[in-house]
Every structure is written in structure tokens, then in C-alpha cells.
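One structure below.
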Amino acid sequence: PRAFLSWRFPAGAAGVALTMYVASLEGIAGDTSVTYMVWLIVYGMPFLMCLVFSAFPYSGCFCEDFENKYAWPQIERGGLKQYAFSKTVTVMLSAAGAMTAGVVLYVSILHTGLPWFDAEDAVCQSAVTLGGFRGVISGGHYLLYFALFGLQFGILSGILALLAAYVSLFINSRLLTLAVPFMSFYLISYYSGAVSGGNERMNLSYIFNATYNLWDNDIASFAYAVLVGAILSGVLGALILCRLKRRIGNE
């Protein structure tokens, strides 16, 4: 409830939408489309701020729990493993949900003045021939397409929000917690190519970006993003549990 029913979740989603809208102001013109704008701005630096807003709803949960002594009753009631698991799942889902909702809100606002798609535009043609969810967009299900587009990015948002939550167990600073997704994605963007050895299917910048279709299959590419997201979330969840054990043992 604290993640989805508080003011933080709609504020995070609104922040994502606002960031995308501001980032697209220079490119909005009467002859563009919503698809063109979304594909354009996900490669821009301002889009990194969306990761901050998507982490806003719940990545600082440990800071809040330990500051206000919320953690102890929850741990006593359900156990430390259950506490760590529930926090891991909630951080992940709230960040992914905020990103998805923000993207849907943004495209809905943009569609009041722009068409969803322009068949003559090269970017739109790329969306139906090279990108993810090409079957959805070619079928004219535009709002569903952008919801799935946002969700795939949202999986990465959730992973980075979990990383931020993990860091907060070492440094109890909400400001730093929110800065972690921004800094992490910046490093991923610039170094994942070298780390992956040029293999796009091992590059996090590509896996969660629906402008790519890594397996040349809509379902397989999205399932791959979900699988990688689940693995990384599990690793971070295990790290969070280990850190919680140490922190509670020292208090």
C-alpha cells in the first residue's frame, strides 16, 4: 500500500511523463507522430531523469523503515527473508509500474495534437520492421504498444531502483538513493557495449529497449527481457537480504 496507494506513485508516473514531454518540446511539429517522438527521446540524455522518477515511489523504503522503526515489527511478524522478499518485489513492481504509467500518460497527452503513427516516416517504418512489439503496432494497437514499450523499459527501471535500495542500506540518504538509477544507467549506456563484447543480446542497453528486437520475435524478445530482469532482481534481492542480516546484527 505504501508503494502504490501513496502520493509517491502518481507523482513518479507524472514525473516520467513530464520529463518526456519537456524532452520532446523541441521536436514536436505538425508533421511528426507520437511513435516518432517516443523513439527519438529514449535516446536522449533527458530520458535518464525518467529512471529517477520511476524509482521515486519506493526505492527509499529502507531509509524510511529504519528511520521510523517500521522494519522491526515487519521482521518480527514475517521474518527477515519475507521482509526482504516483499521489499524486493514491491520496489521492482512500483518502479516498473511508474515507468509504464508515465509513458502511457505521456503518449496520451501527445496524441491530443499528434497522430499515433505516420506510415511515410522512416522511424515509424523501423518500428514495424525492426523494433519490438512490431505485431502490436502494425495491428494498430498503439496504446497497448506504448504500454508494453514502457513496461520493457520499466523492467530496467525496477532493476536500477533495486540497486538504489541496496545502496541505501549502506548510505542512508534518500537523495543519493534517487541518484543511483541515473548514474547507473549512464554507466550502462557507455560501458555495456565493451562489457558485452559487442554481443547485443548481452547488452543491457539493448535488452530493455523496445526499439530493438533482439531475437527477431516479439514474444521471445520481451520474454528475454523479463527473464534477465528476474535474474538480476533475484541477485539484488539476495544482496539486500545479506546486507539486512549484517545491518540488523550490528544494531
Side-chain angles (χ1 to χ4, degrees), residues 1-20 22-23 45-76 78 80-99 101-102 153-192 204 208 229 232-251:
R2 283 168 49 202
F4 296 98
L5 300 181
S6 76
W7 63 273
R8 290 177 178 272
F9 184 81
V16 170
L18 179 62
T19 299
M20 295 181 73
V22 171
M45 284 294 292
F47 186 71
L48 297 183
M49 287 301 298
C50 292
L51 298 170
V52 177
F53 282 110
S54 62
F56 179 70
Y58 209 60
S59 63
C61 61
F62 294 120
C63 294
E64 185 176 349
D65 279 2
F66 283 99
E67 283 177 6
N68 299 302
K69 309 299 182 182
Y70 295 152
W72 312 117
Q74 296 180 61
I75 293 172
E76 290 175 1
L80 185 59
K81 288 184 179 180
Q82 179 62 33
Y83 174 76
F85 177 78
S86 65
K87 294 297 179 183
T88 299
V89 172
T90 306
V91 169
M92 179 72 184
L93 292 181
S94 62
M99 176 64 81
F153 261 116
I155 297 171
L156 178 59
S157 299
I159 294 167
L160 298 181
L162 278 174
L163 179 60
Y166 176 63
V167 170
S168 75
L169 289 169
F170 293 88
I171 304 174
N172 193 19
S173 168
R174 296 185 185 184
L175 183 61
L176 178 60
T177 297
L178 291 175
V180 169
F182 183 97
M183 295 185 295
S184 300
F185 187 75
Y186 181 84
L187 293 174
I188 288 171
S189 298
Y190 279 87
Y191 296 107
S192 57
L204 295 181
F208 303 103
L232 293 177
S233 297
V235 171
L236 286 167
L239 291 174
I240 286 171
L241 176 59
C242 291
R243 178 55 188 169
L244 282 170
K245 287 180 177 178
R246 291 187 179 183
R247 180 162 179 173
I248 290 175
N250 294 331
E251 293 188 5

Salt bridge check: are E67 and R174 linked by an N-O gap of less than 4.0 Å? yes
Check whether any side-chain heavy atom of [X] sits under 4.5 Å from a side-chain heavy atom of [Y], and report yes or no.
X: F182; Y: L160; answer: no
X: S233; Y: I159; answer: yes
X: C61; Y: V91; answer: yes
X: P46; Y: V22; answer: no
X: R8; Y: Y58; answer: no
X: I240; Y: T88; answer: yes
X: I155; Y: M99; answer: no
X: I75; Y: I248; answer: yes

In Å, rounded to the nearest 0.5 Å, how long is the span from [atom1] of [X] to [atom2] of [Y]?
X: K87; Y: L241; atom1: NZ; atom2: CG; value: 14.0 Å
X: L232; Y: L236; atom1: CG; atom2: CG; value: 7.0 Å
X: S59; Y: L163; atom1: OG; atom2: CG; value: 10.5 Å
X: L80; Y: K245; atom1: CG; atom2: NZ; value: 7.0 Å
X: F185; Y: L156; atom1: CZ; atom2: CG; value: 6.0 Å
X: S168; Y: F170; atom1: OG; atom2: CZ; value: 9.5 Å

Q.
For the backbone of L51 and the side chain of S54, can you confirm whether one donor and one acceptor N or O come within less than 3.5 Å of each other?
A. yes
side-chain contact (heavy atoms from CB on, under 4.5 Å) filter on L175, not counting sequence neighbours, yields S173
Aromatic centroids of F66 and Y70 separated by under 6.0 Å: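 For Y70 and F66, the ring centres are not under 6.0 Å apart.
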What are the two closest non-hydrogen atoms of [X] and [Y], and how far apart are they?
X: I188; Y: L204; result: CG2-CB, 3.8 Å
X: F56; Y: A11; result: CE2-CB, 4.1 Å
X: A17; Y: G102; result: CB-O, 3.5 Å
X: G78; Y: Q82; result: O-CB, 3.2 Å

For this session: Applying ring pair (Phe, Tyr, Trp, His ring centres under 6.0 Å), run through F153 and F47 and close with a yes or a no.
Result: CA-CA 11 Å; F153 261 116; F47 186 71; 5.1 Å; yes
Going through the distances and angles, do Y83 and D65 end up as a side-chain contact (heavy atoms from CB on, under 4.5 Å)? CA-CA 11 Å; Y83 174 76; D65 279 2; 2.7 Å; yes
Exercise for the section: Would you sort out whether V89 and M92 count as a side-chain contact (heavy atoms from CB on, under 4.5 Å), showing the intermediate values? Expected result: CA-CA 5 Å; V89 172; M92 179 72 184; 5.8 Å; no
Cation-aromatic face contact R243/Y166, 6.0 Å, 45 degrees | no
Residues T177, F62; criterion side-chain contact (heavy atoms from CB on, under 4.5 Å); working and verdict: CA-CA 10 Å; T177 297; F62 294 120; over 6 Å; no
